[in-house]
Amino acid sequence: MSSPPHMQSFRDLSPAGAPGMKRSRFTYRHIQQLAASSTSCPLRVIAHLDLDCFYAQVEMVRLGIPDDKPVAVQQWQGLIAVNYPARSFGIGRHCNVSEAKKLCPDLIHQHVATWREGDAKWDYHPDAAANMATHKVSLDPYRLESRKILAIIKEELPPHLQKVEKASIDEVFMDLSAQVHTILLERFPELANPPPYDDPTEMLPMPSITALDWQADALVDLPDENAELEDPDWDDVAILIGSEIVRKVRIAIKDKLGYTCSAGVACNKLLSKLGSAYRKPNQQTVLRNRSIQHFLSDFKFTKMRNLGGKLGEQISQMFHTDTVKDLLSASVEQLKSKLGDDTGVWVYNTVRGIDTSEVNPRVQIKSMLSAKSFRPSITSFEQAVRWLRIFAADIFSRLVEEGVLENKRRPKTINLHHRHGTQTRSRQGPIPQGRKLDEESLLELARNLLSQIVSEGQVWPCSNLSLSVGGFEDGVTGNMGIGAFLLKGEEAQASKTGSGTATVDSETEIRPAEKRRRLDNGGIERFFAKRELSHGANPGLGSDDTAISGQSGQRLGTLKEEVMSGEPAGSEGVGKGDEVYNGKSESEPGPIITLTCSRCNASLDSPEELQSHQDWHFAKELQEQERVSQTFVNQPSASSSRAGNQKSTSTMPKRQGRPKKVERGQSKLKFG
Ligand code: CTP
Ligand code: CA
Ligand code: CA
């Protein structure tokens, strides 16, 4: 009853063939689909790799700290990464430094690198923790390592067969299907034979082996021993080959960089991600198709991605259960009628482990942003310029790292946002193309934009500044086209490593995970619901103060104080205060870390993804502002016409929502 439909159908088709001769559940066509990495191929092999306590490992390797020492990475007084020896003392991200030291006096706690106000380069400053007002967190060290890890993964996989998607600063998905196909054919040449009657829908013979050597992999258990005795079919063989590839990749990362990671190998992204979190650290979990049901039935669906928040809660109430097992008895029609067609189908599939989303190799980035919220606010032009210097250096180093300068894909536009109370002002201008682009020239442009904003009058104190560059795309000329700033799906993702946006210093205390969890309002609206988004995606830049309605109309504005606290590292920026962190309890295998955008309820898996996502909102807001301020665009003010700049000012009073319809593309964007 509860097996995934695709599995079901193969079973139904199954024991065809000659009497007495067992046939595979798979067809010749499925083998062809495997070669093409088709998302509907039931043999597909997808791996997810997640670095163990990533930032902590980076610091350990950098500082040469032995593996068994307890280490945590500190941001102000909070902890943002905790290594496994430290976790054994009960230390987690929910602890602050003094709580953690009580639990383990020997804890080594290293503060993240910071930019000091006015400095041209980030560094590890011993006094950073005490100087939140004058320092800005830099995640560059982790981005750089992330990049190296990705490079090693790509080196390990055959260039023409690889499909690697960077999913966050410490995660990648790999579609291994095409490579597995090649290896399958080498090991089982009979698969290359033409199908009987030249009919690709003919069932394959069973694999010519009866036992598979899973080596050290954590195999997810099967419901009973009989299931284990069933002969391996081609999906088992394919996944075993995938697992061999993943093991090699993990060894290469460890050998070359010293980092351990955990991995999940399964037939899709949803399951491989659950698999990588299943056993940590330094393990890989293989989730064979035959074990999916059993694996998932132990789960609470509220632990599954996108079901951690409001939607999961809603479903639990409707169906009086929170287990996957119970929800399997709900028919798709029932789910559709209660949750709407798209969501109903999505839930139906998800609890069955069905996911046909593609592994997307990243496309080139389109914008970069650096920002800081000020507590206390800053009060002078000079002070602001000191921050602009940091932003310019931050953006420039990412431009260099991305190789955009060599690639001649230089940004064409620069944009400055300034917040004073509830009023947000922004200026945009072109980046002159004939001249050398460096930190100084970026700073000069930013300073010009700031001068224009300042000339408007009452602009101090300022609580947030953000600088962005965009327009990398060829063909974008002249005035900033919003397309240049729109980080869509993969680009948003891509931007987060080298270019990942603003580091948001956590200026608020880090609250206990439990509290964050309660606040998680995640849903899957981002996949489908234009209707929900249409009131959730309030484009006001002053979103800290703007009440946002969730799917069920719940006002997140009332949760603001708490929402603001769940602040992970590196998420500062325009969306300050918009994220909710669904903390992970160290004791459970639950892999779900959810950061939720309160503007639209999208759930993101990492601070970087959240930031990219918020950049997207940010871009939308700019777009909106551009529309609103068309007159300004067309008739530059005296102060901005000199540089051909654009100007916009917006005031976002509390609770002011715009009756704007969300653009069509928005609901299709996938940020996860
Ligand atoms: N991170 C963060 N704030 C959060 C969540 C994550 O700063 N709220 C950073 C962490 O510092 C971490 C990295 O993002 O090192 C990756 O996060 P994640 O994979 O969730 O956790 P890890 O620390 O890598 O631990 P695990 O071994 O459980 O994967
Ligand atoms: Ca990790
Ligand atoms: Ca991760």
Side-chain angles (χ1 to χ4, degrees), residues 48-62 71-76 78-88 91-95 109-113 137-139 141-143 145-146 149 165-173 250 253 259-264 272-285 305 493 496-497 500 503-506 508-513 515-517 519-520 563 565-572 579-596 603-612 672:
H48 180 260
L49 207 134
D50 183 295
L51 274 287
D52 302 319
C53 55
F54 182 46
Y55 295 0
Q57 281 204 85
V58 173
E59 297 303 339
M60 289 167 77
V61 168
R62 182 178 72 86
V71 175
V73 178
Q74 177 183 355
Q75 178 175 312
W76 315 133
L79 300 184
I80 55 169
V82 178
N83 78 352
Y84 283 79
R87 290 185 201 190
S88 68
I91 299 171
R93 281 204 274 253
H94 55 276
C95 296
H109 47 106
Q110 170 63 45
H111 198 280
V112 291
V137 163
S138 170
L139 297 183
Y142 312 126
R143 289 198 195 104
E145 293 308 295
S146 179
I149 293 164
E165 170 180 330
K166 187 165 179 61
S168 82
I169 198 164
D170 79 333
E171 287 167 44
V172 293
F173 284 106
R250 290 178 49 236
I253 296 171
Y259 302 130
T260 65
C261 58
S262 300
S272 63
K273 179 150 174 145
L274 291 174
S276 70
Y278 189 61
R279 296 216 175 93
K280 267 188 158 269
N282 202 15
Q283 296 197 58
Q284 65 184 56
T285 298
R305 191 173 183 194
Q493 293 274 345
K496 88 195 143 213
T497 35
T503 8
V504 179
D505 306 339
S506 287
T508 41
E509 77 197 276
I510 293 177
R511 300 275 176 108
K515 191 162 214 175
R516 295 170 195 152
R517 204 172 292 124
L519 292 168
D520 176 14
V563 168
S565 67
E567 177 130 54
S571 57
E572 178 160 286
E579 57 270 44
V580 182
Y581 169 46
N582 182 2
K584 172 164 67 168
S585 132
E586 267 30 290
S587 59
E588 65 195 10
I592 311 300
I593 287 229
T594 309
L595 297 147
T596 304
S603 299
L604 295 307
D605 288 331
S606 70
E608 289 69 33
E609 286 174 44
L610 178 68
Q611 185 62 59
S612 298

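Just so you know, these numbers use all the heavy atoms, side chains as well, and skip hydrogens, waters and symmetry mates. Residue numbers count from 1 along this sequence. Both counts, for ligands and for their atoms, begin at 1 and track the order of listing.
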If hydrogens are left out, which of Arg93, Glu171, Arg87 has an atom nearest to atom 17 (O) of ligand 1, that is, the closest non-hydrogen atom?
-> Arg93
Please state whether the rings of His111 and Trp76 are parallel, tilted or perpendicular, taking 30° and 60° as the class boundaries.
-> tilted
Which pair of non-hydrogen atoms, one from Gly92 and one from Val82, has the smallest distance, and what is that distance?
-> C-CG2, 3.7 Å
Any N/O of Cys53 closer than 3.5 Å to an N/O of ligand 1?
-> yes
Atom of Ala81, atom of Ala56 and distance for their closest heavy-atom approach | CB-N, 3.7 Å
Check Gln75 against ligand 1 and report side chain, backbone, both or neither, counting heavy atoms closer than 4.0 Å.
-> neither
Would Val73 and Val58 satisfy side chain to side chain contact (heavy atoms under 4.5 Å, CB included), going step by step from the backbone distance to the final call?
-> CA-CA 10 Å; Val73 178; Val58 173; over 6 Å; no
Part of Asp50 within contact of ligand 1 (heavy atoms, under 4.0 Å) | side chain
Atom pair CD (Gln284) and OG (Ser272), whose distance is rounded to the nearest 0.5 Å = 12.0 Å
Tyr84 and ligand 1 - part of the residue with a heavy-atom distance under 4.0 Å | side chain
So is Ala56 polar-close to ligand 1, meaning N/O to N/O under 3.5 Å?
-> no
Which pair of non-hydrogen atoms, one from Gln283 and one from Arg250, has the smallest distance, and what is that distance?
-> N-NH2, 3.5 Å
Counting heavy atoms under 4.0 Å, the part of Glu59 that contacts ligand 1 is neither
Just jot down the ligand 1 atoms closer than 4.0 angstrom to any heavy atom of Lys280, in number order.
-> 26 (P), 27 (O), 28 (O), 29 (O)
Contacts of the Ca ion (ligand 2) with protein N/O/S atoms, counting only those under 3.0 Å = Asp50 OD1, Leu51 O, Asp170 OD2
Would you mind telling me if ligand 1 is within reach of the side chain of Ile80, the backbone, both or neither, using heavy atoms under 4.0 Å?
-> both
Side chain to side chain contact (heavy atoms under 4.5 Å, CB included) partners for Pro281, two or more places apart | Asp52, Tyr84
Identify the heavy atoms of Tyr259 and Gln57 that sit nearest to each other, and give their distance.
-> CA-OE1, 3.3 Å
dist Glu59:CD -> Cys53:SG (nearest 0.5 Å) comes out at 11.5 Å
Here the gap from Leu51 atom CG to Ser146 atom OG, rounded to the nearest 0.5 Å, amounts to 7.5 Å
Decide whether the shortest distance between a heavy atom of Pro281 and an atom of ligand 1 is less than 4.0 Å.
-> no
When every non-hydrogen atom of Ser276 is compared with those of Ser262, the smallest separation belongs to O-CB, 3.5 Å
